[in-house]
Asks: 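Shown below is the structure under consideration.
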Number of protein chains: 2
Amino acid sequence: MPVPVRSPAGSPEDLRSSLHGRGQRLTPQRQRVLSLFERLGEGRHLSAEEVHQRLLQAEERVSLATVYRTLRLLSSMGMLQELELPEGGRRFELGGDHHRDHHHLVCVRCGCTEEFENPAVLAAGEAAASLHGFRLLECVLNVRALCPRCAQAEPNAT
Amino acid sequence: MPVPVRSPAGSPEDLRSSLHGRGQRLTPQRQRVLSLFERLGEGRHLSAEEVHQRLLQAEERVSLATVYRTLRLLSSMGMLQELELPEGGRRFELGGDHHRDHHHLVCVRCGCTEEFENPAVLAAGEAAASLHGFRLLECVLNVRALCPRCAQAEPNAT
DNA sequence: GCTTCTCAATACTGGCCATTGTTGAGAAGC
DNA sequence: GCTTCTCAACAATGGCCAGTATTGAGAAGC
């Protein structure tokens, strides 16, 4: 039974540590597969063969067998979600808790975090993306701050 | 005593790579000094002795000589700014380009980035901070996206 | 046809070690 | 008094290596 993976497919480093936690390794192939889904965005679902083809097109060769293995692995880690189609054949898409915008309040002193949402942030991200011609995938706002407890411990009032 | 959950995103890794780029090392002492200034926020300026004392209070022992060396180092790297007081004695504060909100558009495919600003983001951060009783230090919005060139290369319309 | 298995070749990791940048105390300089 | 220098002790890194998870091709299973 796989370990509970809390953080969605975020940074490359997240994937690495998730894998290491299970004594597994981060390989270019695994990165390529996950990265492909991240580039596609959330709604998209692909079959193993499609993943294989797309990676080939992107000049990121990964053998079909490895694609299958990796899809299964990433699913078991919760980073991908498996869809069983009635017509036969399976599809995969980005894991469920992948909000396009999820934000964190991080205490720089003790490291504790709070999560929050705010549509205004996504709007700002979309505005900037559109201004520069980018296609937005995900917005992550990190607010570096001091939590109530640590703020009290710090002997200074700015 | 607070329990560290995960390292605050932002500068820990930045500092490391900046140092490595110069063939220098990331040590706990350097982290402590920089971290102290980050906790203080932007307006604050401290003398070497004050830094030393505050670190002692925080049970983060760093020798005075090292404090001096580190302050000089961080200044030369632009992470701190040196203020020469007319009365004699120098003070240090967080480097200038440390905006309380600076945001990035990052292409997840080629890695290129664009920077932008948007007061709405800072507002959102402040709202969240205030809601949870946090004292905001800095807002960093990371928009994961595809740049125009890479968006074109990706053969899919979501 | 889609998916998994086999097995030799490959390569990611963690551990260990030498290199050399850093630190701590106290002396020395200004 | 504030800041820098000296030097032995310390420790962050990079390189190297063995251990072993992973990959690629093709065969085999469903």
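What you see is a predicted model, and the numbers here were worked out from it, not measured in a lab. Order of the sequence lines fixes the chain letters, A, B, ..., with proteins taken first and strands second; residue numbering starts at 1 for each chain.
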Asks: Looking at dT3(C), I'd like to know if its phosphate oxygens (OP1 or OP2) sit under 4.0 Å from a side-chain N or O belonging to Arg72(A).
Replies: no
Asks: Please report, rounded to the nearest Å, how far the P atom of dG21(C) is from the CE atom of Met77(B).
Replies: 16 Å
Asks: When you check every protein heavy atom under 4.0 Å of nucleotides 20-30 of chain D, what one-letter string (B, S, -) results, 5' to 3'?
Replies: BBSBBBB----
Asks: Just wondering, do Phe37(A) and Val51(A) contact through their side chains at under 4.5 Å, heavy atoms?
Replies: yes
Asks: Five pairs at each end of the helix from dG1(C)-dC30(D) to dC30(C)-dG1(D): take the axis at both ends and give me the angle between them to 10°.
Replies: 60°
Asks: Taking only the side-chain nitrogens and oxygens of Arg90(A), find out if one of them lies under 4.0 Å from OP1 or OP2 of dT3(C).
Replies: yes
Asks: Rounded to whole Å, please give me the gap between CD in Gln31(B) and P in dA11(D).
Replies: 15 Å
Asks: Below 4.5 Å, heavy atoms only, C-beta onward: do Arg54(A) and Leu40(A) meet side chain to side chain?
Replies: yes
Asks: Could you check how far CG of Leu56(B) sits from C1' of dG24(C), rounded to whole Å?
Replies: 13 Å
Asks: Would you please confirm or rule out a distance under 4.0 Å between OP1 or OP2 of dG14(C) and any side-chain N or O of His20(A)?
Replies: yes
Asks: With rounding to the nearest 0.5 angstrom, report the OG1 to CG distance, Thr66(B) to Leu73(B).
Replies: 11.5 Å
Asks: Report the distance from atom CZ of Arg16(B) to atom P of dA12(D), rounded to the nearest whole Å.
Replies: 10 Å
Asks: dT3(D), dT3(C), dC5(C): which one has an atom nearest the side-chain heavy atoms of Tyr68(B)?
Replies: dT3(D)
Asks: What closest approach, in Å, do Cys112(B) and Cys147(B) show between heavy atoms, and which atom pair accounts for it?
Replies: SG-CB, 3.6 Å
Asks: What is the distance, rounded to the nearest whole Å, between atom CD of Glu82(B) and atom C1' of dT4(D)?
Replies: 13 Å
Asks: Can you check the His52(A) NE2 to dT3(C) P distance for me, whole Å?
Replies: 13 Å
Asks: Once you round to the nearest 0.5 Å, how far does CD of Glu115(A) lie from CG of Leu141(A)?
Replies: 12.0 Å
Asks: How close or far is atom C1' of dT22(C) from atom CG of Leu15(B), stated in whole angstroms?
Replies: 14 Å
Asks: May I ask you to test the Arg22(A)-Ser76(A) pair for a side-chain heavy-atom distance under 4.5 Å?
Replies: yes
Asks: Can you tell me how far C1' of dT4(D) sits from CD of Glu49(B), to the nearest Å?
Replies: 15 Å
